[in-house]
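Below is one structure; the comments refer to it alone.
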Amino acid sequence: MIAVNHLSKRYGAHPAVNDVTFQCEPGTVTGFLGPNGAGKSTTMRMICGLTPPSAGTATINGVRYQDLPNPGREIGILLDASAQHAGRTGQEALTLAALTMGVDRRRVGETLERVGLNAVAAKRRVGKYSLGMRQRLGLAQALLGEPRVLILDEPANGLDPEGIFWMRGLLREFADRGGTVLLSSHLLREVEAVADRLVVIGGGRIVAQGSKDELLAGTGTVVRALDPQTLRTALERAGLTATTSTDGSLLVQAEPVAVGRVAADAGAVLIELRSAESNGLEQIFLTLTAGDSVLEAVK
Ligand SMILES: Nc1ncnc2c1ncn2[C@@H]1O[C@H](COP(=O)(O)OP(=O)(O)OP(=O)(O)O)[C@@H](O)[C@H]1O
């Protein structure tokens, strides 16, 4: 289990991660979703003890990463697949990892096979690997110590569609056997297919979290007015929370009838009023993480 409590990281005056709290339970895949620069990598680096938090804590199975006696046996990490020694072969890289962790060397071959790197690939230098092959090798390193927790930052980068499908299967199976998976992506489609739970981050803050089903239901009301400011002010006065989406509409955490009443009382002319349910996760992602890279994120 991964527990993140009020985690923050400031770089100078810039809050890269701001009071982030979530948990990842055994038996589940949690998708950590947000546009570029949202704070996903910084959060993961803090969980893995690579970046010191400005505030808050993160633990794996109740213990801080730095305090785990043999971290690779508890938690498998893939943060940056390109950060591997280019001069070693895949086999050498994994053998070294096995020695470091005290894992039986026989597991090296098995694990390479498990991630789809055959004997020829295993003997090739990592410098000659494609990004997809590096991701597979990184995943092999993460799995080698038979950990119960996996933390993977954008693991689908560089994988072809068949590779992405394969990875989803592997992560699903890992979780179904009782493992805990935290997996980040800036692409909604990538995590939607495999995650049980979603944690959505935007501008360093958690903007939504819950089970995929929860997030698909109860997403509130999408409303658009001729004069958005009048509507926004009226909603605020009525105590309703509204978030502006990239297309100018508002997502309000209330039923359409309540929103319609507030608009009517304020004399706001509505040009759209509907339940956000039908748009599901895509609408949540578009609305809650409204920013420059959002349109790319739902491609
Ligand atoms: N070492 C650093 N020094 C200063 N600012 C940083 C540093 N690392 C990250 N940041 C800033 O913190 C914010 C969050 O970055 P982070 O890499 O965590 O986002 P991300 O969600 O992982 O994005 P991406 O998908 O692009 O990797 C960004 O504004 C980034 O510029």
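Starting from 1, each residue takes its place in the sequence as its number. Counting starts at 1 for both ligands and their atoms, in listed order. Nothing here was measured: the structure is a model prediction, and the numbers come from that model.
- A donor and an acceptor atom, one from each side chain of Gln135 and Asn157, are nowhere located under 3.5 Å apart.
- The residues Arg148 and Glu74 are annotated as salt-bridged, a charged nitrogen and a carboxylate oxygen being separated by less than 4.0 angstrom.
- Side-chain atoms of Ser184 and Asp153 form a donor-acceptor pair, as typed in the model, at a separation below 3.5 Å.
- Counting only residues at least two apart or on different chains, no ring pair (Phe, Tyr, Trp, His ring centres under 6.0 Å) pair has a member in residues 126-173.
- Using a 3.5 Å distance cut-off with no hydrogens or angles, the side chains of Ser8 and Asp19 do not pair a donor with an acceptor.
- Side-chain atoms of Arg45 and Thr51 form a donor-acceptor pair, as typed in the model, at a separation below 3.5 Å.
- Protein residues with any heavy atom under 4.0 Å from ligand 1: Tyr11, His14, Ala16, Pro35, Asn36, Gly37, Ala38, Gly39, Lys40, Ser41, Thr42, Glu154.
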